[in-house]
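To start, the structure under review is shown below, and the notes come after it.
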Amino acid sequence: MGTEWKLTNDRPIYLQLTEQIVQRIVSGRYPPASKLPSVRDLAVEAGVNPNTMQRAFAELEREGLVTTNRTAGRIVTEDVTMIESIRGQLAAQKIKEFLDGMELLGFTGSQAANLLAQYAALPSASLEGLPLLENNVNFFEKEEDAL
C-alpha cells in the first residue's frame, strides 16, 4: 500500500501529502463524512514522519475538507458541493496541463481533443494505442486543406 504515495524532493512533503489526500477525497476513496485513517497509520503507509502527516492534516482542516472530532478522529467533510467544486478545479487544471503540453508538440486544441477522443475510445487505454499517432499526421493535412 505504501507504493500508492508518490513523493518527490522538489516540493515540501506535507504539500504533496495534502494533495494526495485531497485526490483520495475527491475520487471517493475517502467518501464524505467518512472517518480517515489515523495520522500514525497514514504516516507509516506513506513512509513519512507522523509530524509531517499531522501538518498535512492541519492544512486539510484549514481548507475545510477535514474536521477533527475528539471521539471519532478525523472526518471528511459532509459538504459534497465543496468536494465536487475541488474535483472540478483539479480536472480543469489537468486539462490545461494536457492542452499546454500538446500545444508544445504542435497540436491545436481541436487536434488534441480529437486524438484524446480516439485514445479514450480504445478498449483498454494503454500504450498499445500509441500507434494511432501515425494516423494523426492527417490532422495537419486536413487543417491545411481547410484553409
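- When atom types are taken as modelled, the side chain of E59 and the backbone of L15 share no donor-acceptor pair closer than 3.5 angstrom.
- No continuous path of ILVMFWY side-chain contacts below 4.5 Å connects I21 to I75, so the two sit in separate hydrophobic clusters.
- Between L115 and M102 there is a side-chain heavy-atom pair separated by less than 4.5 Å.
- What you find for V76 and P31 is that their closest heavy atoms are CB-O, 3.5 Å.
- Counting only N and O atoms by type, the side chains of S38 and D41 include a donor and acceptor under 3.5 Å apart.
- Side chains of D10 and T8: a donor on one and an acceptor on the other come within 3.5 Å.
- In this structure, V26 and I83 approach most closely via the heavy-atom pair CG1-O, 3.7 Å.
- To the nearest 0.5 Å, atom CG of residue D79 and atom OG1 of residue T67 are 11.5 Å apart.
- Using a 4.5 Å cut-off between side-chain heavy atoms of Ile, Leu, Val, Met, Phe, Trp and Tyr, with links allowed through other members, V22 and V48 fall into the same hydrophobic cluster.
- Grouped with L104 in a hydrophobic cluster is no other residue, since no side-chain heavy-atom contact under 4.5 Å to another Ile, Leu, Val, Met, Phe, Trp or Tyr is found.
- Pairing each heavy atom of A56 with each of Y14, the nearest pair is CB-O, 3.6 Å.
- The CG atom of L42 sits 7.5 Å away from the CG atom of L36 when rounded to the nearest 0.5 Å.
- Residues passing the side chain to side chain donor-acceptor pair (under 3.5 Å) test with Q54, sequence neighbours excluded: R74.
- To the nearest 0.5 Å, atoms OG1 (T68) and CD (E61) are separated by 3.0 Å.
- Using modelled atom types, one finds a donor on one side chain and an acceptor on the other under 3.5 Å when comparing W5 with E45.
- In this structure, G64 and T77 approach most closely via the heavy-atom pair O-CB, 3.5 Å.
- The number of heavy atoms from other shown groups lying within 6.0 Å of CD (E78) does not exceed 12.
- Residues Y30 and V80 fall into different hydrophobic clusters, defined by Ile, Leu, Val, Met, Phe, Trp and Tyr side chains chained together at heavy-atom separations under 4.5 Å.
- Taking CG from L65 and CD1 from I25, the interatomic distance works out to 5.0 Å, rounded to the nearest 0.5 Å.
- K96 pairs by the side chain to side chain donor-acceptor pair (under 3.5 Å) definition with D100, not counting sequence neighbours.
- N69 CG: more than 12 foreign heavy atoms inside a 6.0 Å radius.
- Separation of atoms CD (E4) and CZ (R24) is listed at 5.5 Å; rounding is to 0.5 Å.
- Judged purely by atom type and a 3.5 angstrom limit, S85 has no side-chain atom pairing as donor or acceptor with the backbone of T81.
- In terms of heavy atoms, A43 sits closest to P50 at CB-CA, 3.7 Å.
- No more than 12 heavy-atom neighbours from other residues, nucleotides or ligands sit within 6.0 angstrom of CD on E103.
- Going from atom CE of M53 over to atom CG of N49 covers 10.0 Å, rounded to the nearest 0.5 Å.
- For the pair Q16/Q20, a side-chain contact is recorded, criterion being any heavy-atom separation below 4.5 Å from C-beta on.
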